[in-house]
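What follows is a single structure, written as structure tokens, with notes after it.
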Amino acid sequence: MDQSFTQNILNPSLELIRNDSKIKRFYFFPGLLSVIFLSVLLLYQVVYTYVILLGRKDDALELILQFFHSDYLSETLIVSTIFVILYIILIPIFEWWLIQYIDKKSGGESASRSDSIWFGVFRFYPLFEFNNTFNMFKFISIINGYLFTLRFLGLEYLTSLSIVFTIAFLFSIILNILIAYARYEIVLAGKWVFEAIGWSSQIALLNIKTTLRLYVLMFIMNIKVIFNFIVFLIFPILSAFIVGFISSQTFATIAFVILWILFLFLLLVLGYMTAVLDVFTTSIWYNAYKQWKKKLEDS
């Protein structure tokens, strides 16, 4: 790892994480929101595909599926709709605030949380448009699309769909590399989406080595999604085990209380870890953006 990368990109991001507890606490809520949204979505897709498409009759997995198709479907849909609306609106606002906050801290200015949040509320639409246009090209979105299409068409199209979605995945890698700096152009330079993508592509190609290195690092760090999914999968299965194997109502109630207290604790831990990683990755991309935007402008 070369000295310039460590000194100008990595070290400032590590310092921000170590020394600024305020930013980690404030970004906890969107971190928790992301964990719940992505984990539940992936859990539903995987379980539905496993139970229905493959014909596996595992009781624990069917119990999770029945939750989505129970008599409380209307209430579940209403709550889910509200949650999705909150997710797609609040995440761009918090992302805008985070980038502004890091930029002001980097410049030695006073970084007010309230001012940045309200500015983000009024100016969030370009980032909202960007996120909802290109979220479909994220790795997790491609997996969800693959599972949904496979479930809709059937196993006889497994090979063809695998080829198509492998190509889509490779295309998403190229696209995500080119748009890696676009949200910083939107927030810090006031560009609209496609103008920001043009600048981002130039910055990425100007320093493709650093951009590729950062993309691989981000891909490795996003393995946390798998860990989140495992946590969300294990606890319903353990709940089904309690229902099926503990006959005593008292012991079953105690086991449920302990189990779900542990789940809530792990959920809070996952939300905090996601917040820390989001702050860290945003800071890394910001430092790379500032370094190479200046070189691009000078050239």
Side-chain angles (χ1 to χ4, degrees), residues 27-54 56 58-95 128 131-132 134-152 165 169 172 219 221-243 256-278 281:
Y27 211 72
F28 171 76
F29 177 69
L32 183 63
L33 203 64
S34 297
V35 168
I36 297 173
F37 178 79
L38 295 176
S39 299
V40 171
L41 180 61
L42 185 58
L43 177 65
Y44 175 75
Q45 290 282 29
V46 171
V47 171
Y48 195 105
T49 302
Y50 183 84
V51 174
I52 300 301
L53 184 62
L54 302 181
R56 304 298 177 89
D58 186 279
D59 292 337
L61 292 177
E62 283 192 345
L63 182 65
I64 303 172
L65 186 63
Q66 288 168 13
F67 171 78
F68 290 97
H69 298 283
S70 64
D71 294 334
Y72 300 98
L73 180 61
S74 299
E75 291 83 352
T76 302
L77 287 175
I78 292 172
V79 172
S80 300
T81 301
I82 294 173
F83 187 85
V84 170
I85 291 173
L86 285 175
Y87 178 81
I88 64 176
I89 291 178
L90 291 181
I91 292 299
I93 292 175
F94 276 93
E95 284 183 347
F128 170 83
N131 283 353
N132 289 283
F134 294 98
N135 272 348
M136 68 181 70
F137 297 104
K138 290 185 176 179
F139 179 64
I140 190 70
S141 300
I142 292 176
I143 292 178
N144 280 319
Y146 176 71
L147 293 174
F148 177 81
T149 309
L150 182 63
R151 196 174 73 217
F152 181 75
F165 277 90
F169 173 67
S172 74
F219 189 84
M221 293 176 65
N222 279 327
I223 294 176
K224 71 180 187 297
V225 173
I226 298 176
F227 181 73
N228 297 345
F229 166 75
I230 292 173
V231 170
F232 273 76
L233 180 64
I234 285 177
F235 279 88
I237 291 177
L238 292 176
S239 298
F241 176 82
I242 292 173
V243 171
F256 268 121
V257 171
I258 295 174
L259 181 67
W260 289 101
I261 288 176
L262 180 59
F263 174 72
L264 289 175
F265 172 75
L266 285 177
L267 184 61
L268 294 177
V269 171
L270 292 176
Y272 179 78
M273 289 174 56
T274 299
V276 171
L277 288 176
D278 285 348
T281 56

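Computed from a predicted model, the values in this text were never measured in an experiment. Positions are given from 1, in the same order as the sequence printed here.
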Note, Pro30 side chain near Asp278 side chain (heavy atom, < 4.5 Å): no
Evaluation steps, side-chain contact (heavy atoms from CB on, under 4.5 Å), between Val231 and Phe263: CA-CA 8 Å; Val231 170; Phe263 174 72; 4.3 Å; yes
Inter-residue atom distance Ile261.CD1 - Leu266.CG, 0.5 Å rounding: 12.5 Å
Ser141 side chain vs Phe137 backbone, donor-acceptor pair below 3.5 Å: no
Nearest-0.5 Å distance, CG of residue Leu86 to OG1 of residue Thr81: 11.0 Å
Distance (rounded to the nearest 0.5 Å) between Phe28 CZ and Leu33 CG: 11.0 Å
Heavy-atom pair with the smallest gap, counting every atom of Ser39 and Asn228: OG-CB, 3.2 Å
Test log, rule side-chain contact (heavy atoms from CB on, under 4.5 Å), inputs Ile88 and Asn131: CA-CA 8 Å; Ile88 64 176; Asn131 283 353; over 6 Å; no
Nearest-0.5 Å distance, CD1 of residue Ile91 to CZ of residue Phe128: 12.0 Å
Audit row: Leu268, Tyr272, side-chain contact (heavy atoms from CB on, under 4.5 Å) steps and yes/no: CA-CA 6 Å; Leu268 294 177; Tyr272 179 78; over 6 Å; no
Phe29 CZ: over 12 foreign heavy atoms closer than 6.0 Å: no
Pair Ile36-Phe83, side-chain contact (heavy atoms from CB on, under 4.5 Å): steps then yes or no: CA-CA 10 Å; Ile36 297 173; Phe83 187 85; 3.6 Å; yes
Point-to-point distance, once rounded to the nearest 0.5 Å, from CG of Leu270 to OG of Ser34: 12.0 Å
Mutual orientation of the aromatic rings belonging to Phe37 and Tyr87 [parallel < 30°, tilted 30-60°, perpendicular > 60°]: parallel
Euclidean distance, Leu150 CG relative to Phe165 CZ, rounded to 0.5 Å: 9.0 Å
